[in-house]
Peer 1: 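Pasting a structure here, questions to come.
Residue indices begin at 1 and follow the sequence shown.
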Amino acid sequence: MGAQQIIEQVIPQRVQAKPAVQQSINGLVVFDLSGEGGGQWTLDLTTSEGKVQGGSVATPKVTLLMTATDFEAMINGQLNAQQAFLTGKLKVKGDMGAALKLGQLLA
């Protein structure tokens, strides 16, 4: 499963399964994935559905930057998010607290 399918299908399912995480973040999250299969997507966590749309927004609460390959590995449990952050494979812009909470949806 590619990054686009994960973001558009898997992440919204996880949002609906963990409404407390969605409520605690309550903002826009941008996934900025580079490399083959990459792109930009915005996850709207101001609604319980966890809507996803293509592209970025001007003022997200948090932006996650990484390669599409590393993102797929992280979602599939092959790459630990904290280790990815510490080794520079995952970069975070914006609210670090929201990024940490988001980890509950990505793990």
Peer 1: With Thr42, which residues qualify under side-chain contact (heavy atoms from CB on, under 4.5 Å), at least two apart?
Peer 2: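 Thr42: side-chain contact (heavy atoms from CB on, under 4.5 Å) contacts with Leu28, Val30, Gln53, Val57.
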Peer 1: Kindly compute the distance separating CG (Asp44) from CD (Gln22), expressed to the nearest 0.5 Å.
Peer 2: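 Answer for the CG-CD pair, Asp44 versus Gln22, is 8.5 Å.
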Peer 1: Indicate yes or no for a side-chain donor-acceptor contact from Lys91 to the backbone of Met66 under 3.5 Å, with no hydrogens or angles considered.
Peer 2: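 The answer is no, because no donor-acceptor pair under 3.5 Å joins these two groups.
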Peer 1: Considering residues at least two apart in sequence or located in another chain, which fulfil the side-chain hydrogen bond (donor to acceptor under 3.5 Å, both in side chains) criterion with Thr59?
Peer 2: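 Partners of Thr59 by the side-chain hydrogen bond (donor to acceptor under 3.5 Å, both in side chains) criterion come out as none, since no residue qualifies.
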Peer 1: Output side-chain donor-acceptor pairs under 3.5 Å for residues 79-89, partner residues at least two apart or in another chain, one line each.
Peer 2:
| unit_1 | atom_1 | unit_2 | atom_2 | d |
| --- | --- | --- | --- | --- |
| Asn80 | OD1 | Gln82 | N | 2.8 |
| Asn80 | OD1 | Gln83 | N | 2.9 |
| Thr87 | OG1 | Gln83 | O | 2.9 |
| Thr87 | OG1 | Ala84 | O | 3.3 |

Peer 1: Is it true that atom CD of Gln78 has more than 12 heavy atoms of other residues, nucleotides or ligands lying nearer than 6.0 Å?
Peer 2: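 It does: Gln78 CD has more than 12 such atoms within range.
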Peer 1: Taking Leu45 as the fixed residue, which of Val62, Val15, Ile11 is the one that meets the side chain to side chain contact (heavy atoms under 4.5 Å, CB included) rule?
Peer 2: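 Going through Val62, Val15, Ile11 one by one, the side chain to side chain contact (heavy atoms under 4.5 Å, CB included) with Leu45 is satisfied by Val15 alone.
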Peer 1: Do any N or O atoms from the side chain of Lys61 and from the backbone of Asp95 form a donor-acceptor pair under 3.5 angstrom?
Peer 2: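 No, Lys61 side chain to Asp95 backbone: no donor-acceptor pair under 3.5 Å.
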Peer 1: Using a distance-only test with no angle check, is there a side-chain donor-acceptor pair under 3.5 angstrom linking Thr67 and Asp70?
Peer 2: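 Short answer, yes.
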Peer 1: Consider only side-chain heavy atoms of I, L, V, M, F, W and Y, link residues closer than 4.5 Å, and tell whether Val52 and Val29 are in one cluster.
Peer 2: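 Yes, same cluster.
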Peer 1: Nearest 0.5 Å, please: how far is CD1 in Ile7 from CD in Glu72?
Peer 2: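 Result: 9.0 Å between the selected atoms.
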Peer 1: Would a hydrophobic clustering, with Ile, Leu, Val, Met, Phe, Trp and Tyr connected at side-chain separations under 4.5 Å, put Leu65 with Leu90?
Peer 2: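 Per the 4.5 Å side-chain linkage, Leu65 and Leu90 are not co-clustered.
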Peer 1: Give a yes-or-no answer on whether the side chains of Glu8 and Gln4 include a donor-acceptor pair shorter than 3.5 Å.
Peer 2: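 A pair is found: one side chain offers a donor N or O, the other an acceptor, under 3.5 Å apart.
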